[in-house]
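First the proteins, then the strands, lettered A, B, ... as listed; each starts at 1. All figures in this text were calculated on a predicted structure; none of them were measured in a lab.
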Protein chains: 2
Amino acid sequence: MKNFSERQRQIVTTAIGIIAKQGIQNLTTKNLAQAIGISEAALYRHFDSKLEIMQGVLEYFKILMQPALAKLKSHAKPTENLEEFVLEHFRIFTANSSFARVIFSESNFQNEEILMNSLNKMMINSRQALEDVIIQAQRKGEFRTDISSCNISRMMIGSIRFIVSQWSVSGMAFNLENEGRQLCKDIIAALKLRQ
Amino acid sequence: MKNFSERQRQIVTTAIGIIAKQGIQNLTTKNLAQAIGISEAALYRHFDSKLEIMQGVLEYFKILMQPALAKLKSHAKPTENLEEFVLEHFRIFTANSSFARVIFSESNFQNEEILMNSLNKMMINSRQALEDVIIQAQRKGEFRTDISSCNISRMMIGSIRFIVSQWSVSGMAFNLENEGRQLCKDIIAALKLRQ
DNA sequence: ATTATGTTAGCGAGTGTTCACTTACTTGAG
DNA sequence: CTCAAGTAAGTGAACACTCGCTAACATAAT
């Protein structure tokens with residue numbers, strides 16, 4: 001978070017914790033202030049509105065996810081990049097478990113047009129980046145070409161989202177990194193070209 | 001909906017429409033009563049509480065989804081059953097587009113334990129039924145066995161959820177049945193045993 | 001046929017509570 | 001002395017829900 005003060009950072013991360021543990025309905029200025037240990041009015045010394053705090057939440061997430069996106073360009077082999085992209089997601093979510101609940105439920109931000117647009121942009125961006133690498137993988141003969149790159153990206157993203165969602169709903173009952181690694185291997189096995 | 005009166009049915013379907021179009025935050029007793037054209041107080045002649053109305057929403061959905069589940073046992077060939085199961089989902093969502101937004105965002109019901117439990121049970125039920133058929137498909141040599149049935153079900157459900165979510169977020173910008181049919185074919189192509 | 005009794009489904013006008021946010025004032029470090 | 005960062009005590013609006021009342025209709029005894 002670029003220009004955020006220590007206090008602003010604290011407000012945003014506390015907000016994330018509340019959303020994760022109690023749902024967005026319980027992210028109230030009262031609860032947020034209480035969780036930090038300051039008055040409601042003090043919140044407004046650091047943010048103009050609750051909406052601004054929620055935008056902070058999204059920005060925080062965006063920065064957190066950057067490393068995963070970077071993995072798409074780290075190696076020469078597309079398949080390796082895809083694999084690392086997926087695994088990095090699981091690593092990030094494991095290290096920031098509160099985020100899973102916050103992000104994979106877009107309806108959290110429903111009706112706040114600014115937040116929805118912001119989230120949609122992020123989604124489209126990373127989807128596009130992913131599909132580019134999938135196309136590379138197909139061109140280089142690593143992935144099968146009888147399935148469209150669009151549908152391959154749907155399978156990959158859908159699978160990731162679903163296992164993270166399962167993990168989140170189950171209260172982190174399994175090891176996301178291990179289960180995710182196997183899932184990732186299986187997806188690639190299903191999609192690679194067999195000679 | 002079993003024992004529901006005409007008015008109760010109307011209240012529930014109107015509630016679904018509001019959630020779909022304006023989000024759950026705007027499902028207020030005021031808005032709901034207004035949309036129907038009766039007073040708020042009149043709502044309470046037909047339901048004891050707002051929670052009861054939301055339970056009605058879930059029951060409505062459950063009944064609507066029954067046909068998809070039935071498809072899992074309609075033919076002898078597991079692969080055909082799986083295909084019809086998936087296609088039936090797309091058919092149902094196309095015919096009841098408001099549901100997509102309501103259901104695939106579990107966070108809609110976050111913090112209402114009764115609703116969450118109800119939704120989780122439905123999810124687990126259909127996941128289990130699906131995985132059973134996947135195992136059959138593997139036993140009969142229709143599906144590859146180098147990928148666990150658990151991960152196959154993750155890929156299938158994840159892909160379905162994701163394309164429905166895309167369709168919903170895009171404002172039904174594409175034909176879900178057609179796009180979904182191709183996605184379904186591709187998934188099965190990726191998972192079937194090749195000789 | 002009339003009348004008494006009960007039920008259903010509606011209404012306007014509230015209730016107390018909680019929400020995001022504001023105002024006016026205080027405190028303490030530089 | 002200034003001023004950023006805090007506070008207590010509000011604000012109006014929105015929330016789910018309740019109140020007392022009524023018109024319309026059904027049932028059945030007189």
Are any protein N/O atoms closer than 3.5 Å to N/O atoms in nucleotides 26-30 of chain C? If there are, list each pair with its distance.
none

Rounded interatomic separation in angstrom, taking [atom1] from [X] and [atom2] from [N]:
X	N	atom1	atom2	value
B/Ile38	C/dT8	CD1	P	16 Å
A/Gln25	C/dT17	CD	C1'	17 Å
B/Lys30	C/dG14	NZ	C1'	14 Å
A/Ile24	C/dC19	CD1	C1'	15 Å
A/Leu32	C/dT18	CG	P	18 Å

Quiz prompt | salt bridge (charged side-chain N to carboxylate O under 4.0 Å, His left out) partners for A/Arg7, two or more places apart | solution =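 Salt bridge (charged side-chain N to carboxylate O under 4.0 Å, His left out) list for A/Arg7, sorted by chain: empty.
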Self-check item: Counterpart residues, salt bridge (charged side-chain N to carboxylate O under 4.0 Å, His left out), relative to A/Asp132 (two or more places apart)
Solution: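 In terms of salt bridge (charged side-chain N to carboxylate O under 4.0 Å, His left out), with neighbours along the sequence ignored, A/Asp132 is linked to no residue.
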Quiz item: Does any residue of residues 39-50 of chain A have a heavy atom under 4.0 Å from DNA chain C, and if so, which ones, in number order?
Solution: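 Those residues are A/Glu40, A/Ala41, A/Tyr44, A/Arg45, A/Ser49, A/Lys50.
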Listed by chain and number, what are the side-chain hydrogen bond (donor to acceptor under 3.5 Å, both in side chains) partners of [X], not counting sequence neighbours?
X	value
B/Gln182	B/Asp186
B/Glu6	none
A/Glu84	A/His75

Enumerate, atom names and distances included, each donor-acceptor pair closer than 3.5 Å involving a side-chain atom of residues 38-45 of chain A, sequence neighbours excluded.
| residue | atom | partner | partner atom | Å |
| --- | --- | --- | --- | --- |
| A/Ser39 | OG | A/Ala42 | N | 3.3 |
| A/Glu40 | OE1 | A/Thr29 | OG1 | 2.8 |

Quiz item: How is B/Leu27 classified with respect to the nucleic acid when contacts are heavy atoms under 4.0 Å: base, sugar-phosphate, or nothing?
Solution: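 The residue B/Leu27 makes sugar-phosphate contact but no base contact.
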Quiz item: Within the structure shown, what part of the strands sits under 4.0 Å from A/Thr29 by heavy-atom distance: base, sugar-phosphate, or nothing?
Solution: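 Base: the residue A/Thr29, judged by heavy atoms under 4.0 Å, touches a nucleobase.
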Which atom pairs, donor and acceptor, lie under 3.5 Å between side-chain atoms of residues 173-181 of chain A and protein residues at least two apart or in another chain?
| residue | atom | partner | partner atom | Å |
| --- | --- | --- | --- | --- |
| A/Asn175 | OD1 | A/Glu177 | N | 2.9 |
| A/Asn175 | OD1 | A/Asn178 | N | 2.9 |
| A/Asn178 | OD1 | A/Arg181 | NH1 | 3.4 |
| A/Glu179 | OE1 | B/Arg154 | NH1 | 3.0 |
| A/Glu179 | OE1 | B/Arg154 | NH2 | 3.2 |

Quiz item: Of all residues at least two apart in sequence or in a different chain, which pass the side chain to side chain contact (heavy atoms under 4.5 Å, CB included) check with B/Lys77?
Solution: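 In terms of side chain to side chain contact (heavy atoms under 4.5 Å, CB included), with neighbours along the sequence ignored, B/Lys77 is linked to B/Glu80, B/Glu142.
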Exercise. Applying side chain to side chain contact (heavy atoms under 4.5 Å, CB included), name anything that partners B/Glu52, two or more places apart in sequence or on another chain.
Key: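 With neighbours one apart ignored, the set is B/Phe47, B/Asp48, B/Ser49, B/Gln55.
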Self-check item: Boundaries of the chain A footprint along DNA chain D (any atom under 4.0 Å from a heavy atom)
Solution: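 Nucleotide range with atoms under 4.0 Å of chain A: D/dA5 to D/dA8.
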Quiz item: Do A/Leu82 and A/Ile135 belong to the same hydrophobic cluster, where Ile, Leu, Val, Met, Phe, Trp and Tyr are linked whenever their side-chain heavy atoms lie under 4.5 Å apart, directly or via other members?
Solution: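 No: no chain of side-chain contacts under 4.5 Å links A/Leu82 to A/Ile135.
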Quiz prompt | Side chain B/Ser170, main chain B/Trp167, donor-acceptor under 3.5 Å | solution =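 Present.
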